[in-house]
Amino acid sequence: MASLVQPVHETETSSEMAQPQTLDGARVRTDFPILIHPAEPGRQSLIFLDSAASSQKPNVVIDALTAYYRDYNANIHRGVYHLSEVATTAFEDARKKIARFINAASPRECIFVRNTTEALNLVAQSWGRANLQPGDLVVFTEMEHHSNIVPWQMIAEERGARLAHVPITADGRLNLDRFDEILEEGPKLVAFTHVSNGLGTVNPAKEMIAKAHAAGAVVVLDGAQSTPHFAVDVQDLDCDFLSMSGHKMLGPMGAGVLYGKKSLLDAMPPYMGGGSMIRKVELGHTTWADVPAKFEAGTPSVGDSIGLGVAIDYLNELGMDRVWQHEQELGAYALDRMRELPGIVIYGPESAELRSGVVSFTLGDIHPHDVAAILDEQNIAVRAGHHCAQPLMRALGIVATTRASFYVYNTPEDVDRLVEGLYGVYRTMTGQPSPTMSSARVVPVSEKSDGDHAPCRAKWDAWNHTDEKQ
Ligand code: PMP
């Protein structure tokens, strides 16, 4: 893994001149104050491995938020005074940065929302209500996050539409043969995730979109786990809609994006009514503003959206190709090291090339929540649960996994700490000084009996009944 921490190699003349070929996670980490705080007394330094839920924020983003509130806080698009003009320009500049980042044909195709959930609900409620007829088919996949399932169920029920799903294969990829068969039924809409948050599987989006279009469907791509990690080009992919969550890509919470092709957005009715989205309001009738304003009713998250623009500047400086290479190298290293752990089951494709920097696993019959709780004692933050993907867990025959996810500020040393931490989990759970899985039972999690780790289990049960955020 030496390549990840190699010094800068300068190339000849391009604008990339001063940039390293590979990303140095240890250097990047110094830009993230939360990751370099001195450890609290009695605690080890923080190893943050839950970026798939929400990333940490670099100084430049934190400073941009502070600067907005300190120096030019004002409502936008409505003030005739200088402060409001400055805020409006900064907000619209952020939209332009986002459009460039995903290669949208125009900034007007980028609508500010809070997150992916809101983006997907917007499409379901606006496009779905206007276009779905009784009997129409809506397709999603078994590996979707709940936010790419529930909105379709809601609108399908309202419109009398039918639902179908693409199942997964045993190694956690989409079953593309079934996808082809479902397309023969002529679905009206196909929604799928670019990258699975529960498995790390990278789906062949371009090929799937082309096939769905050939079958006459509109395609919604959930970009929550792709846009933070590699270059996504909406024109090249030719998706009709794409969702983004800024908080997963170094930006503030509260700023996300819905990309939509302008022709589709123009034809869609508004999602919410109110200020900013109107052209003319009469007591009996209202006409709508053009996109994107038509879909941005009310006061937006101005500072957060500006912060997202700054996060995008930061990612661009790192270089999205380098970001992806870094994560794939870390992911491959993690797979290699973690496979040495006795009794481990790692979910998702075998090949590191088909995966993002997400490693979802179970350790013998040790409950994922116990794994995460014991890792937390070593200040290693991982996620455990169903990852808002209960149908996926059901398909895998389990209720939960522990998930480690890597991002720009992680290093091979973080992987080493994780692996050491997992040996510590064995020691704690088995009471053996030098644990091997011969001392821990290896059974599928689905066959687990209660009672082994009662205190954690009670906490787990209470928690598992909530639809935990991840
Ligand atoms: N889709 C995927 C693939 C996700 O990973 C997530 C968040 N974990 C979401 C949708 C929902 O994102 P948000 O909570 O930002 O709306």
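Just so you know, ligand 1 is whichever comes first in the structure, and atom 1 is the first atom listed for that ligand. Computed from a predicted structure; not experimentally measured.
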Atoms in ligand 1 flagged as close to S245, the criterion being non-hydrogen separation under 4.0 Å |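 Once the distances to S245 are compared, the set is 12 (O), 13 (P), 15 (O).
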
Which ligand 1 atoms does N115 reach within 4.0 Å, using its non-hydrogen atoms?
->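 Listed by number with element: 13 (P), 15 (O), 16 (O).
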
Winner among H145, H387, E144 once heavy atoms are compared against atom 11 (C) of ligand 1 =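 The residue whose heavy atom sits nearest atom 11 (C) of ligand 1 is H145.
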
With heavy atoms only and a cut-off of under 4.0 Å, state how T116 meets ligand 1: side chain, backbone, both or neither.
->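 The answer is both, backbone and side chain.
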
Region of T117 engaging ligand 1 - heavy atom pairs below 4.0 Å |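 Under 4.0 Å from ligand 1, T117 contributes backbone and side-chain atoms.
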
State plainly whether the residues D136 and R159 are in salt-bridge range, i.e. N to O under 4.0 Å.
->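 Looking at D136 and R159, the cut-off is not met.
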
salt_bridge(D171, R173) N-O dist < 4.0 Å =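 Salt bridge flag = yes for R173 with D171.
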
Ring-ring centroid check H146 H386, cutoff 6.0 Å =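 Between H146 and H386, the centre distance is under 6.0 Å.
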
N/O separation below 3.5 Å, T193 to ligand 1 |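 No: no nitrogen or oxygen of T193 is under 3.5 Å from one in ligand 1.
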
Quick one: does E118 get an N or O within less than 3.5 Å of an N or O on ligand 1?
->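 E118 vs ligand 1: no N/O contact under 3.5 Å.
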
Applying side chain to side chain donor-acceptor pair (under 3.5 Å), run through Q325 and E329 and close with a yes or a no.
-> CA-CA 6 Å; Q325 183 194 351; E329 288 183 25; 2.8 Å; yes

Just grab all the salt bridge (Lys or Arg N to Asp or Glu O under 4.0 Å) pairs involving residues 208-227, residues at least two apart or on different chains.
->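 Qualifying pairs, neighbours excluded: D180-K211, E207-K211.
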
Show the atom names and distances, to 0.1 Å, of all donor-acceptor pairs under 3.5 Å that link a side chain in residues 249-263 to residues at least two apart or in another chain.
{"unit_1": "K261", "atom_1": "NZ", "unit_2": "D238", "atom_2": "O", "d": "3.4"}
{"unit_1": "K261", "atom_1": "NZ", "unit_2": "D238", "atom_2": "OD1", "d": "2.9"}
{"unit_1": "K261", "atom_1": "NZ", "unit_2": "D240", "atom_2": "OD1", "d": "2.9"}
{"unit_1": "K262", "atom_1": "NZ", "unit_2": "D266", "atom_2": "OD2", "d": "2.9"}

